[in-house]
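Let me begin by presenting the structure, written as structure tokens, before commenting on it.
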Amino acid sequence: MNHLLGLRGEKKENIQKILDLAKVYVPSNPDDTPTNYKILAGHTIVLAFFENSTRTRISFDLAARRLGAGVINFSSSGTSVQKGETLADTIFTLQSMRVSAFVVRHSDSGTAEILSRLTHKPILNAGDGMHEHPTQALLDMLTLEQSFGKLEGIRVLILGDILHSRVARSNIFGLTTMGAKVGVCAPPTFLPVGIETWGNEENPIEIFTDVKKAVKWCDAVIVLRLQLEREAAGYIPSIREYRNFFSLTDDALVAASREVFVMHPGPVNREIEISGTVADRVDIDAPIGGLSGSLILKQVSNGVAVRMAALQLLLSPNTMN
């Protein structure tokens, strides 16, 4: 791997390699003081974020620093980008300062792919438009693998605004590659044309428009944020109606015939795509209906480990054995 741009077409062994290495960096006790490694000492990572972010930016920052790398946090605000400098010229300028890699987040789909053709430095896609968000999907897969002991054969439902979601795309491509069964549930206006072809012959995509039927089918559900900033509101009659028909609530989970783990990439719109009680329930000994518990905070914790693994794979692959 020279870059990590997306999971569509990525080799199964590369995905598994990242997941296996990430497990090394997952703390056995969340309260332990983080271990700092020197694997990437001497490297400098540029976090080029042209979109707002909390979880992804901070976890990449922590991941780089825990591996011993220096970090440059770059945004368009207060830089020459506001004077009209192109993104390409910005990358060329930073590259000339002998940085090691770029972590890029941008509102335009395809930005990471374009930049990978302009620089010989590794590009890690931290989310580009409605295209992909590979490290989010990888941390989701790590969380699922920890919970089920495997990915092959488990049934994962993705619920919500599939059309505008780069998280959904990366999860569908990654999970089906790893042998998981993937279902989607959304209003028809939130289902991309041709989504049934996103799987493969062994793992075709299951499509639902009824939340209770979808939850009854799955082992875990990844709830997507309703992306109002991407004009999502124009695809539904109202937020209230979306909440009434597609929000993940206790009432919807009662329909489950098995224990169902709940996930969300964040940030969470409480009482819109998911109820607060479902998002916060972590007591697996007191399930409601088929619910086993929320894995949302575990996803956040795993994000640092996955991004450490991705950085190491791209910048110091010889240290992985």
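Residues: numbered from 1 along the sequence shown.
Looking at residues two or more places apart in sequence or on another chain, you find a side-chain contact (heavy atoms from CB on, under 4.5 Å) between I39 and Y25, Y37, L67, Q312, S316, T319. Residues passing the ring pair (Phe, Tyr, Trp, His ring centres under 6.0 Å) test with F246 are Y242, sequence neighbours excluded. Annotation: salt bridge (charged side-chain N to carboxylate O under 4.0 Å, His left out) contacts of D251 (sequence neighbours excluded): K212. In terms of the ring pair (Phe, Tyr, Trp, His ring centres under 6.0 Å) criterion, F60 has no residue partners (sequence neighbours excluded). The ring pair (Phe, Tyr, Trp, His ring centres under 6.0 Å) test applied to F92 returns no partner, not counting sequence neighbours. By the salt bridge (charged side-chain N to carboxylate O under 4.0 Å, His left out) test, R98 pairs with no residue at all, sequence neighbours left out. Listed by chain and residue number, L4, L124 satisfy the side-chain contact (heavy atoms from CB on, under 4.5 Å) test with A310 (two or more places apart in sequence, or in another chain). The salt bridge (charged side-chain N to carboxylate O under 4.0 Å, His left out) check on R169 picks up nothing, with sequence neighbours excluded. In this structure S165 satisfies the side-chain hydrogen bond (donor to acceptor under 3.5 Å, both in side chains) test with no other residue, sequence neighbours excluded.
Side chains of D108 and T111: a donor-acceptor N/O pair is absent below 3.5 angstrom, by distance only. Under 3.5 Å, the side chains of S247 and T249 contain no donor-acceptor pair of N or O atoms. Between R65 and N36, the side chains place no donor N or O within less than 3.5 Å of an acceptor N or O (distance only, hydrogens not considered).
A donor-acceptor pair under 3.5 Å is absent between the side-chain atoms of T44 and the main chain of V99, judged by distance alone. With hydrogens and angles ignored, the 3.5 Å screen pairs a side-chain donor or acceptor of S96 with a backbone N or O of T93.
Looking at D219, V221, V260 one by one, the single match for side chain to side chain contact (heavy atoms under 4.5 Å, CB included) with R155 turns out to be D219. Screening Q299, E273, R225 for a side chain to side chain donor-acceptor pair (under 3.5 Å) with H264, the sole residue that qualifies is E273.
The environment of CG in D210 is crowded: more than 12 heavy-atom neighbours from other residues, nucleotides or ligands sit within 6.0 Å. Annotation for K213: atom NZ does not count as buried by contact number, only 12 or fewer foreign heavy atoms lying within 6.0 Å.
Sorted pairs that involve residues 110-139 and meet ring pair (Phe, Tyr, Trp, His ring centres under 6.0 Å), not counting sequence neighbours, are lacking altogether. Applying the side chain to side chain donor-acceptor pair (under 3.5 Å) test to pairs two or more places apart or on separate chains, those with a residue in residues 300-311 are S59-R307, T135-R307, T143-N302, Q146-N302. Residue pairs satisfying the side chain to side chain donor-acceptor pair (under 3.5 Å) criterion with at least one member in residues 193-209, sequence neighbours excluded, are listed as follows: K181-N203.
Taking CG of L139 as the reference point, atom CE of M141 lies at 9.0 Å (rounded to 0.5 Å). Here the CG-CG distance, from D161 to L191, works out to 9.5 Å after rounding to the nearest 0.5 Å. Distance check: D61 CG to N73 CG gives 5.0 Å after rounding to the nearest 0.5 Å. Rounded to the nearest 0.5 Å, atoms CZ (F102) and CD1 (I45) are 10.0 Å apart. Between the CG atom of L311 and the CG atom of L40 there is a distance of 6.5 Å, given to the nearest 0.5 Å.
Residues S275 and L248 form no side-chain contact, since every pair of their non-hydrogen atoms from C-beta on lies 4.5 Å or further apart. Residues K150 and I154 form a side-chain contact, since some pair of their non-hydrogen atoms from C-beta on lies under 4.5 Å apart.
Summarising the geometry of I236 relative to P187, their closest heavy-atom pair is CG2-CG, 4.4 Å, with the distance given to 0.1 Å. The nearest pair of heavy atoms linking I205 to G199 is CG1-N, 3.6 Å.
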Review point. Are R117 and E113 close enough, and set up right, to give a salt bridge (charged side-chain N to carboxylate O under 4.0 Å, His left out), and what steps lead you there?
Key: CA-CA 7 Å; R117 301 180 185 183; E113 170 69 27; 3.0 Å; yes
Review point. Can you list the steps and then say if R57 with N52 is a side chain to side chain donor-acceptor pair (under 3.5 Å)?
Key: CA-CA 9 Å; R57 179 197 280 273; N52 294 332; over 6 Å; no
Practice item. For K298 and D140, run salt bridge (charged side-chain N to carboxylate O under 4.0 Å, His left out): C-alpha distance rounded to whole Å, both residues' side-chain angles, the deciding distance at 0.1 Å, then the answer. Key: CA-CA 9 Å; K298 191 171 185 180; D140 291 344; over 6 Å; no
